[in-house]
Amino acid sequence: MSKGITSQTDDYSKWYNDIVVQADLADHSAVRGCMVIKPSGYAIWEKMQQTLDKMFKDTGHVNAYFPLFIPKSLFEAEEKNAEGFAKECAVVTHYRLKTDPQNKGKLIVDPEAKLEEELVVRPTSEAIIWNTYRGWIQSYRDLPILVNQWANVVRWEMRTRLFLRTAEFLWQEGHTAHASKEEAILETEKMLGVYADFAENWLAMPVIKGIKTANERFAGADETYCIEAMMQDGKALQAGTSHFLGQNFAKAFDVKFANKEGKLDYVWATSWGVSTRLMGALIMSHSDDKGLVVPPKLAPTQVVIVPIYKSEEGLEKIRQAIQPLQKALQAKNISVKFDDRDTQRPGWKFAEYELKGVPLRIGIGERDLENGTLELARRDTLSKETVNLNDAEHLIEKLLAEIQSNLFQRAQQRMKNMTHTCDNYEEFKRLLDDKGGFILAHWDGTSETEEKIKEETKATIRCIPLNNPSENGKCIYSGQPSAQRVIFARAY
RNA sequence: CGGGGUGUAGCGUAGCCCGGUAUCGCGCCACAUUUGGGAUGUGGAGGUCGUCAGUUCGAAUCUGGCCACCCCGACCA
């Protein structure tokens with residue numbers, strides 16, 4: 001058992017926190033609700049960024065950057081959006097400090113330096129971006145605009161958790177402008193598809209694509225699409241959202257274009273984002289009591305080589321024996337680390353790399369040199385086998401792919417096992433308490449019912465799955481007729 | 001923000017009720033023996049007791065403010 005990691009079965013929430021801190025991913029900072037993302041954590045985030053950024057570019061998007069500050073008057077322009085975020089905004093009111101005349105060496109806010117208009121620290125950037133787009137768009141020839149930005153945003157959350165909910169977080173936000181409703185909806189759905197693809201094929205995390213109910217919809221959107229994932233403890237995590245914003249922001253910021261017929265019309269909008277919350281999703285999808293488990297495609301180090309030796313000469317022999325393999329793997333773009341630190345012993349390194357989640361570990365010692373072998377250990381199954389050095393290159397490539405797909409299948413199986421169909425409210429409550437997971441149940445379509453269920457059970461409607469089969473039934477709460485099942489769960 | 005709890009060396013802790021400058025373990029440093037799953041021995045370093053103020057001859061200990069973290073609610077990507 002690893003040092004100081006609470007077992008998942010004892011306290012999942014504590015386990016999560018232990019993993020984040022002990023695997024050196026992130027730490028609490030001196031600022032309330034804000035975290036320091038440490039090199040080990042940031043390296044994984046960078047891999048996510050690189051992958052997503054390429055996916056965005058491959059679908060025709062370009063990057064830009066908009067300001068951190070939004071003048072209050074712009075922020076309030078789209079009423080619903082402003083209302084939705086108002087209670088969690090950080091606001092800049094002054095632009096200068098001065099030394100405190102009462103208390104030398106201390107600073108106070110200079111009352112003389114009050115801003116004419118307060119600046120809102122962006123909780124999301126629709127307002128500043130749509131105010132800017134007004135100047136970019138006159139004609140249908142200027143459309144579509146397909147822009148993404150990588151940025152930090154601030155939402156003054158009351159309760160925070162590392163990666164899952166921090167007051168400041170890193171994300172990307174795509175903001176697109178279109179000439180027609182149909183095109184904007186297609187874009188919204190396309191980007192949801194990109195997120196689902198990324199979640200499943202890189203994070204190895206199965207997701208359900210769906211749309212949010214009116215209650216859960218993004219403030220200012222006509223429709224919010226989402227990908228919902230299930231964590232190991234059965235709780236749901238919203239892993240990404242893609243919003244069809246209709247003409248709401250175009251109207252709020254007066255963004256019109258001349259269409260082919262020469263008539264003026266408001267521009268159609270989408271926005272979509274994923275955040276450092278995906279780090280939390282990654283952790284709670286695959287990791288165990290020994291530490292982090294990172295899918296090979298996102299692992300900063302995919303293979304680590306731990307030499308086992310008794311002398312400097314012994315190490316040198318190993319180094320030379322393993323070098324061709326190391327080079328061959330690197331030539332295939334597999335990241336390999338040869339850990340020749342003399343300051344730690346092999347057993348210590350084994351535990352360390354398990355904690356950090358390196359997918360494959362090679363152990364090679366003098367015994368292996370005689371036999372022409374090495375030991376290969378998988379992080380996902382914790383199994384070990386001794387293989388011929390000559391077969392290793394091929395085998396490692398195969399194993400990395402196998403680990404990637406094994407992690408996905410494992411998570412998929414778990415989601416399947418923890419998804420239940422339910423037609424009775426009492427049983428619904430029992431299921432939530434005893435098993436958790438997703439519950440497919442009928443709902444009458446009203447916000448009132450949704451609210452009541454939330455109040456009584458803490459479960460929310462995660463989404464109405466896309467391509468949901470229609471099925472006549474009765475609302476689990478009100479008994480009113482329903483045409484389809486929706487997904488209920490307790491969520492992060 | 002409401003209720004409950006916690007804060008002592010890098011980490012985990014004892015001491016606090018009953019005031020007299022801090023205990024133990026892990027980790028760290030040096031040396032030796034070790035190295036195929038978190039080594040062992042010997043020696044050593046490290047603390048304005050979260051922070052600010054108050055009471056007192058004297059505060060980790062008593063009182064108050066503030067900050068941070070954890071759990072439970074309301075809010076949320």
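Letters A, B, ... are given to chains in the order of the sequence lines, protein chains preceding strands, and every chain is numbered from 1.
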**Student:** Of the options rA74(B), rG36(B), rC70(B), whose atoms approach the side-chain atoms of Asn17(A) most closely?
**Tutor:** rC70(B)
**Student:** Which whole-number value in Å describes the distance from Arg490(A) CZ to rC72(B) C1'?
**Tutor:** 13 Å
**Student:** Rounded to whole Å, how long is the line connecting atom NE2 of His28(A) with atom P of rG50(B)?
**Tutor:** 19 Å
**Student:** Should the pair Trp268(A) and Phe244(A) be assigned to parallel (<30°), tilted (30 to 60°) or perpendicular (>60°) ring geometry?
**Tutor:** parallel
**Student:** If we take the C1' atom in both rA9(B) and rA22(B), what is their distance in whole Å?
**Tutor:** 11 Å
**Student:** Cut-off 3.5 Å, side chains only: do Trp272(A) and Thr270(A) have a donor facing an acceptor?
**Tutor:** yes
**Student:** Side chain of Glu157(A): nearest nucleotide among rU35(B), rA74(B), rA77(B)?
**Tutor:** rA77(B)
**Student:** For rA77(B), is there a stacking contact with Phe169(A), counting only centres under 5.5 Å and planes under 30°?
**Tutor:** yes
**Student:** Indicate, with a heavy-atom threshold strictly under 4.0 Å, whether Gly33(A) touches base, sugar-phosphate, or nothing.
**Tutor:** sugar-phosphate
**Student:** Work out how far the C1' atom of rG38(B) is from that of rU42(B), and round it to whole angstrom.
**Tutor:** 22 Å
**Student:** Going by distance alone, is a donor N or O of one side chain under 3.5 Å from an acceptor N or O of the other, for Glu173(A) and Ser125(A)?
**Tutor:** yes
**Student:** Can you confirm whether the side chains of Tyr477(A) and Glu456(A) place a donor and an acceptor under 3.5 Å from each other?
**Tutor:** yes
**Student:** Let me know the distance between CD of Gln22(A) and C1' of rC11(B), rounded to the nearest Å.
**Tutor:** 9 Å
**Student:** Could you please name the option among rG37(B), rA77(B), rG73(B) that lies closest to any side-chain atom of Thr166(A)?
**Tutor:** rA77(B)
**Student:** When all nucleic acid strands are considered with a 4.0 Å heavy-atom cut-off, which category describes Lys384(A): base, sugar-phosphate, or nothing?
**Tutor:** base
**Student:** Determine the interatomic distance between C1' on rC11(B) and the same-named atom on rC28(B); round to the nearest Å.
**Tutor:** 11 Å
**Student:** Could you please name the partner base of rU34(B), counting Watson-Crick and G-U wobble pairs only when both distances are under 3.5 Å?
**Tutor:** none
**Student:** Go ahead and name the base partner of rC62(B); Watson-Crick or wobble counts if both distances stay under 3.5 Å, otherwise write none.
**Tutor:** rG54(B)
**Student:** What I'd like to find out is whether the side chain of Met48(A) reaches to under 4.5 Å of the side chain of Leu203(A), using heavy atoms alone.
**Tutor:** yes
**Student:** Nearest 0.5 Å please: distance from the CG atom of Asn148(A) over to the CH2 atom of Trp150(A).
**Tutor:** 6.5 Å
**Student:** For Leu164(A), which contact category applies under a 4.0 Å heavy-atom criterion: base, sugar-phosphate, or nothing?
**Tutor:** base
**Student:** Measure from CD1 on Ile5(A) to C1' on rC11(B) and round the result to the nearest Å.
**Tutor:** 14 Å
**Student:** Could you check whether the side chain of Glu354(A) and the base of rG37(B) have a donor-acceptor pair of N or O atoms closer than 3.5 Å, going by distance alone?
**Tutor:** yes
**Student:** Expressed as a whole number of Å, how far does the P atom of rG12(B) sit from that of rU55(B)?
**Tutor:** 34 Å
**Student:** Is any side-chain N or O of Arg345(A) under 3.5 Å from a base N or O of rG36(B), one able to act as donor and the other as acceptor?
**Tutor:** no
**Student:** If pairing requires Watson-Crick or G-U wobble contacts with both distances under 3.5 Å, which nucleotide is the partner of rA74(B)?
**Tutor:** none
**Student:** How many Å lie between CG on Asp27(A) and P on rC11(B), as a whole number?
**Tutor:** 9 Å
**Student:** What interatomic distance, in whole Å, is found between P of rU13(B) and the corresponding atom of rU8(B)?
**Tutor:** 8 Å
**Student:** Which base, if any, makes a Watson-Crick or G-U wobble pair with rC24(B), both distances under 3.5 Å?
**Tutor:** rG12(B)
**Student:** Could you check how far CZ of Phe198(A) sits from P of rA77(B), rounded to whole Å?
**Tutor:** 20 Å
**Student:** Would you mind pulling out the nucleotide paired to rG19(B), Watson-Crick or G-U wobble, both distances under 3.5 Å?
**Tutor:** none
**Student:** Counting heavy atoms from C-beta on, name the nucleotide in rU35(B), rC75(B), rG73(B) closest to the side chain of Pro346(A).
**Tutor:** rU35(B)
**Student:** Work out how far the C1' atom of rC49(B) is from that of rG7(B), and round it to whole angstrom.
**Tutor:** 10 Å
**Student:** In the strands shown, is rG47(B) matched to any nucleotide by a Watson-Crick or G-U wobble pair with both distances under 3.5 Å, and which?
**Tutor:** none
**Student:** In whole angstroms, how far is the P atom of rC26(B) from the CH2 atom of Trp348(A)?
**Tutor:** 17 Å
**Student:** Between Leu399(A) and Leu360(A), is there a side-chain heavy-atom distance shorter than 4.5 Å?
**Tutor:** yes
**Student:** I'd like the P distance from rG54(B) over to rA59(B), given in whole Å.
**Tutor:** 12 Å
**Student:** Is there, by distance only and without an angle test, a donor paired with an acceptor across the side chain of Lys290(A) and the base of rG37(B) below 3.5 Å?
**Tutor:** no
**Student:** Hey, which of these two, Cys34(A) or Thr241(A), hits RNA chain B nearer its 5' end, going by closest nucleotide?
**Tutor:** Cys34(A)
**Student:** Taking atom P of rU6(B) as reference, at what distance in whole Å does atom NZ of Lys14(A) sit?
**Tutor:** 14 Å
**Student:** Considering just the side-chain nitrogens and oxygens of Ser13(A), establish if one lies under 4.0 Å of OP1 or OP2 belonging to rC71(B).
**Tutor:** yes
**Student:** Check whether any side-chain heavy atom of Ile70(A) lies under 4.5 Å from a side-chain heavy atom of Leu119(A), and answer yes or no.
**Tutor:** no
**Student:** Checking base pairs now: Watson-Crick or wobble, both atom distances under 3.5 Å. What partners rG7(B)?
**Tutor:** rC67(B)
**Student:** Please tell me if His243(A) has a side-chain N or O lying less than 4.0 Å from either OP1 or OP2 of rA77(B).
**Tutor:** no
**Student:** Closest approach to the side chain of Gln238(A), judged atom by atom: which nucleotide of rG37(B), rC75(B), rA77(B) is it?
**Tutor:** rA77(B)
**Student:** So what does Glu366(A) hit on the nucleic acid, given a heavy-atom distance under 4.0 Å: a base, only sugar-phosphate, or nothing?
**Tutor:** base
**Student:** Roughly how many Å apart are rC26(B) and rU51(B), using the P atom of each and rounding to a whole number?
**Tutor:** 27 Å
**Student:** Hey, does the side chain of Arg361(A) come within less than 4.0 Å of rG37(B)'s phosphate (OP1/OP2), counting only N and O?
**Tutor:** no
